[in-house]
Amino acid sequence: MQNNNKQKKEEPIRLFKNSVLERLTLLSFPIFLSVWLPTLLVALAYGAWHAVSVLSFVICVSIGAAIWFPTEYVLHRFLFHLQARYAVMQSLVYLVHGNHHDQPNHPLRNLMPLSVTLPLGAIIWGLCVFFMGAGRGGSLAAGFFCGYVFYDVIHYSCHQFPMRGPVLRRLKIHHINHHYRNHHTNYGITTTFIDRAFRTLMVLQQKKT
């Protein structure tokens, strides 16, 4: 506990010499919510306005949200923990995620920076609308964004909040074990069953009595 509190108070690991670039890697929880909650509302309103029916809107949003969960797992396992052979890729992996493992509880590094998520979100939204139309594509993208925001809120909470209750506490323990026991397991943040399905769930040995 003392180590966690110390990490929260110390300066975040510096990633860039340039102060402007460095600032773009940091994000507080209030700023995250103030940007992404309105963005979600606009995306959902756009999809609903252009949807051919309420049922179509609900289905597309649900599919988009469902797509996020395997996306989260794949990104975390195969990109964020990429075992790169070359120095350039090693630096990129550290920039994206490795620094978080060196300083897991710093509140300004528990959320993906807006400099990354907003441009990627715009690209995803644009592609969905272009290929699927404003109604279906916009609704699908909005659902995907809902999944992402849920993910980052859960991830931030795992490091910063107690997370009481059986479900939330299980998610917290699941992720904290990823950091402090074996970072090659427990890649799921918002779910635990996906690690069981892909056999990356940490198996805790029972103490002999």
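- Taking the six-membered ring for Trp and the full ring otherwise, Trp125 and Phe144 have centroids separated by 6.0 Å or more.
- Atoms CZ and CG, from Arg196 and Leu201 in turn, are 5.0 Å apart once rounded to the nearest 0.5 Å.
- For Ser56 (side chain) and Val52 (main-chain N/O), no donor-acceptor pair under 3.5 Å exists by modelled atom type.
- The 12-atom threshold is exceeded at CZ of Arg14, counting heavy atoms of other residues, nucleotides or ligands nearer than 6.0 Å.
- Distance CZ/Phe198 to OG1/Thr185: 15.5 Å, rounded to 0.5 Å.
- Using a distance-only test at 3.5 Å, with no hydrogens or angles considered, a donor-acceptor pair links the side chain of Lys172 to the main chain of Cys158.
- Put simply, the side chain of Ser157 does not reach to within 4.5 Å of the side chain of Asn110, judged on heavy atoms.
- Here Leu140 contributes atom CG and Cys60 contributes atom SG; the two are 6.5 Å apart, rounded to the nearest 0.5 Å.
- Residues Val149 and Val153 have side chains in contact (heavy-atom distance under 4.5 Å, counting atoms from C-beta outward).
- In this structure, Leu82 and Phe78 have side chains that are not in contact, with every pair of non-hydrogen atoms separated by 4.5 Å or more.
- With contacts defined as side-chain heavy-atom distances shorter than 4.5 Å, the pair Arg109/Leu15 qualifies.
- Taken to the nearest 0.5 Å, the CG atom of Leu26 stands 12.0 Å off from the CD1 atom of Ile31.
- Atom CZ of Arg136 is surrounded by 12 or fewer heavy atoms from other residues, nucleotides or ligands within 6.0 Å.
- Hydrophobic clustering of Ile, Leu, Val, Met, Phe, Trp and Tyr side chains at less than 4.5 Å, counting indirect connections, keeps Val58 apart from Met132.
- Using the six-membered ring where Trp is involved, His155 and Tyr151 have ring planes that are parallel, under 30° apart on the 30 and 60° scheme.
- With a 4.5 Å cut-off on side-chain heavy atoms, Leu21 and Thr25 do not count as touching.
- Residues Ile13 and Leu95 fall within the same hydrophobic cluster, defined by Ile, Leu, Val, Met, Phe, Trp and Tyr side chains chained together at heavy-atom separations under 4.5 Å.
- In this structure, His76 has its ring center at least 6.0 angstrom away from the ring center of His183.
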- Item | side chain to side chain contact (heavy atoms under 4.5 Å, CB included) evaluation trace for Leu37 with Leu41 | CA-CA 6 Å; Leu37 290 183; Leu41 291 176; 5.7 Å; no

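- Between Thr192 and Leu171 the shortest side-chain heavy-atom distance falls below 4.5 Å.
- Taking OG1 of Thr39 as the start and CG of Leu114 as the end, the distance is 8.5 Å to the nearest 0.5 Å.
- Between the side chains of His175 and His159, at least one donor N or O sits under 3.5 Å from an acceptor N or O.
- The aromatic ring centres of His97 and His101 sit less than 6.0 Å apart.
- Under a 3.5 Å cut-off, the side chain of Glu72 and the backbone N or O of Ile189 do form a donor-acceptor pair.
- Between Val61 and Leu44, the closest side-chain pair of non-hydrogen atoms falls below 4.5 Å.
- Distance CG/Leu111 to CG/Leu33: 8.0 Å, rounded to 0.5 Å.
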- Candidate pair Leu118 and Val35, rule side chain to side chain contact (heavy atoms under 4.5 Å, CB included), full reasoning: CA-CA 9 Å; Leu118 291 181; Val35 171; 4.2 Å; yes

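- Judged by distance alone, with hydrogens and angles left aside, the side-chain atoms of His50 form a donor-acceptor pair with the main-chain N or O of Tyr46 at under 3.5 Å.
- Side-chain N/O atoms of His179 and Asn186 include no donor and acceptor closer than 3.5 Å.
- When atom types are taken as modelled, the side chain of Asp195 and the backbone of Gly188 share a donor-acceptor pair closer than 3.5 angstrom.
- Defined by atom type and a distance below 3.5 Å, a donor-acceptor pair is missing between the side-chain atoms of Gln160 and Asn105.
- Counting heavy atoms from C-beta outward, Leu108 and Leu27 have side chains that stay 4.5 Å or more apart.
- Taking all atoms of both residues into account, the shortest heavy-atom contact from Tyr156 to Pro107 is CE1-O, 3.4 Å.
- In this structure, the ring of Tyr187 has its center no less than 6.0 angstrom from the ring center of Phe80.
- In terms of modelled atom types and a separation under 3.5 Å, the side chain of Gln103 and the main chain of Glu11 share a donor-acceptor contact.
- Here the two rings, on Trp36 and Tyr148, have centers that are under 6.0 Å apart.
- Side chain of His106 to main chain of Glu10: a donor-acceptor pair is present (N/O by atom type, distance under 3.5 Å, no hydrogens or angles).
- Using a 3.5 Å distance cut-off with no hydrogens or angles, the side chains of Tyr73 and Thr191 do not pair a donor with an acceptor.
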